[in-house]
Amino acid sequence: MKGKIKAVLFDLDGTLLDTAPDMANAANNVLRDHGLPPLTDTQIQANTSHGARGLLKAGFGQSLQGMDLDQLRLAFIDHYANSICTATTPYDGVDTLLSELTERKIPWGIMTNKPGFLTEMLIPYFPFLAHAPALVCADTLSRAKPHPDPLIYAAGLINVLPSDCLYVGDIKNDIVAAKAANMYSAVAAWGYIGDEQNPSEWDADLTFNSPVGILSLF
């Protein structure tokens with residue numbers, strides 16, 4: 001596959017940034033407000049990449065019946081926005097990877113299912129992300145992942161055909177979206193992959209155990 005890929009697009013949570021501590025804290029605040037125990041480490045690992053809904057569903061469990069998940073999500077967003085980058089960190093090697101891609105003039109960008117206003121609050125904390133040539137969020141278009149539209153749009157922003165792009169993410173829907181967009185797909189095995197998940201069954205083209213491993217393609 002070396003030589004065929006001309007650009008790389010990345011998911012954000014669980015791929016470029018470890019946002020789990022701050023997202024879990026927001027979810028735990030909502031759970032506390034409803035008299036429920038905090039998320040376990042296992043629940044956090046398996047659900048952070050599924051966003052607020054994933055974390056809240058895991059935390060509330062059967063208690064979610066009869067509750068308004070949309071209202072709970074709004075409460076989550078309020079808590080998260082107030083402490084969006086208290087403990088969030090980049091994964092080891094991400095800054096090196098993006099610096100090398102830039103140095104080698106390999107186009108790259110971010111396509112995340114995080115809402116735009118939260119993404120725009122978070123990205124400035126990390127200068128090497130703030131200059132991303134493309135940034136597409138859940139609400140940039142009318143449809144989000146796993147629909148292919150956001151990935152195709154992101155490829156257009158960096159002037160690369162989707163068929164020449166690699167999309168890197170840490171959940172099955174990332175791989176589904178990449179395939180639907182006619183892109184190469186790669187599993188970020190360092191991300192939020194729960195014990196019950198089996199990435200080998202996602203039919204991804206590639207799997208990387210570290211961000212810098214992606215540089216082997218170029």
Side-chain angles (χ1 to χ4, degrees), residues 1-17 19 23 45-55 57-58 69 73 91 94 97-98 101 106-120 123 129 132-194 196-209 211 213-218:
M1 204 167 293
K2 189 171 183 177
K4 295 182 179 180
I5 295 170
K6 299 178 181 177
V8 188
L9 296 171
F10 299 94
D11 181 37
L12 184 63
D13 300 277
T15 301
L16 296 177
L17 296 179
T19 56
M23 291 185 68
Q45 174 70 16
N47 293 283
T48 296
S49 280
H50 296 281
R53 294 179 186 276
L55 289 167
K57 286 179 179 179
L69 182 57
R73 179 177 175 273
Y91 285 101
V94 163
L97 166 63
L98 299 183
L101 291 177
I106 298 164
W108 63 275
I110 300 169
M111 196 283 112
T112 174
N113 263 10
K114 208 179 196 73
F117 84 98
L118 291 175
T119 305
E120 291 169 3
I123 290 292
L129 299 181
L135 177 60
V136 180
C137 303
D139 46 4
T140 300
L141 303 179
S142 61
R143 294 183 285 202
K145 289 184 301 183
H147 198 278
D149 279 359
L151 290 182
I152 295 169
Y153 180 71
L157 292 178
I158 55 176
N159 297 311
V160 178
L161 292 173
S163 58
D164 291 332
C165 285
L166 172 71
Y167 186 59
V168 185
D170 67 311
I171 62 172
K172 184 176 181 179
N173 272 353
D174 292 331
I175 308 305
V176 170
K179 289 185 174 297
N182 194 31
M183 291 184 181
Y184 294 102
S185 59
V187 176
W190 62 86
Y192 306 133
I193 298 174
E196 76 285 356
Q197 300 173 51
N198 189 354
S200 64
E201 297 178 351
W202 298 353
D203 198 26
D205 296 303
L206 298 161
T207 297
F208 292 101
N209 293 317
I214 294 169
L215 293 173
S216 65
L217 295 172
F218 304 101

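As the structure is a computational prediction, the values presented were derived from the model and not from experiment. As a basis for the values below, the full set of heavy atoms in this structure was taken, side chains included, without hydrogen atoms, waters or symmetry mates.
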> Is it true that atom OH of Tyr153 has more than 12 heavy atoms of other residues, nucleotides or ligands lying nearer than 6.0 Å?
Replying inline: no

>> Side chains of Phe218 and Leu101, heavy atoms from C-beta outward: is any pair under 4.5 Å?
In response: yes

> Looking at CG of Leu141 and CG of Asp149, how far apart are the two atoms once the value is rounded to the nearest 0.5 Å?
Replying inline: 6.5 Å

>> So which atom in Ala178 and which in Ser185 form the shortest heavy-atom distance, rounded to 0.1 Å?
In response: CB-CB, 3.7 Å

> So do Leu217 and Tyr184 actually touch side chain to side chain, heavy atoms under 4.5 Å?
Replying inline: no

> Are the side chain of Asp139 and the backbone of Gly116 linked by a donor-acceptor contact shorter than 3.5 Å?
Replying inline: yes

>> Are the side chains of Phe10 and Leu97 in contact, using a 4.5 Å heavy-atom criterion?
In response: yes

>> Between Lys57 and Asn47, is the side chain to side chain contact (heavy atoms under 4.5 Å, CB included) condition met? List the steps.
In response: CA-CA 9 Å; Lys57 286 179 179 179; Asn47 293 283; over 6 Å; no

> Which pair of heavy atoms, one from Ala188 and one from Gly14, lies closest together, and at what distance?
Replying inline: CB-O, 4.4 Å

> Between Trp108 and Ala7, is there a donor-acceptor pair closer than 3.5 Å when you use the side chain of the first and the backbone of the second?
Replying inline: no

> Under a 4.5 Å cut-off applied to non-hydrogen side-chain atoms, are Leu129 and Leu12 in contact?
Replying inline: yes

> Would a distance-only check, ignoring hydrogens and angles, find a side-chain to backbone donor-acceptor pair under 3.5 Å from Lys179 to Asp203?
Replying inline: yes

> For the residue pair Leu151 and Leu9, what are the closest heavy atoms and their distance?
Replying inline: O-CD1, 3.9 Å

> Rounded to the nearest 0.5 Å, what separation is found between the CG atom of Leu17 and the CD1 atom of Ile110?
Replying inline: 7.5 Å

> So which heavy atom on Lys114 is nearest to which on Thr112, and how close?
Replying inline: N-OG1, 2.9 Å

> Which heavy-atom pair separates Met23 from Asp13 by the least distance, and what is that distance?
Replying inline: SD-OD1, 3.6 Å

>> So Thr207 and Pro199, do their side chains get closer than 4.5 Å, heavy atoms only?
In response: no

> Distance from Leu215 atom CG to Ile106 atom CD1, nearest 0.5 Å?
Replying inline: 7.5 Å

> Nearest heavy-atom pair of Ala186 and Ile175: which atoms, and what distance?
Replying inline: O-CD1, 3.7 Å

If you look only at distance, which donor and acceptor atoms sit under 3.5 Å apart when one is on a side chain in residues 160-172 and the other is two or more places apart or in another chain?
{"from": "Tyr167", "atom 1": "OH", "to": "Met111", "atom 2": "O", "distance (Å)": "2.7"}
{"from": "Tyr167", "atom 1": "OH", "to": "Lys145", "atom 2": "NZ", "distance (Å)": "2.8"}
{"from": "Asp170", "atom 1": "OD1", "to": "Ser49", "atom 2": "OG", "distance (Å)": "3.0"}
{"from": "Asp170", "atom 1": "OD2", "to": "Ser49", "atom 2": "OG", "distance (Å)": "2.5"}
{"from": "Asp170", "atom 1": "OD2", "to": "Tyr192", "atom 2": "N", "distance (Å)": "2.9"}

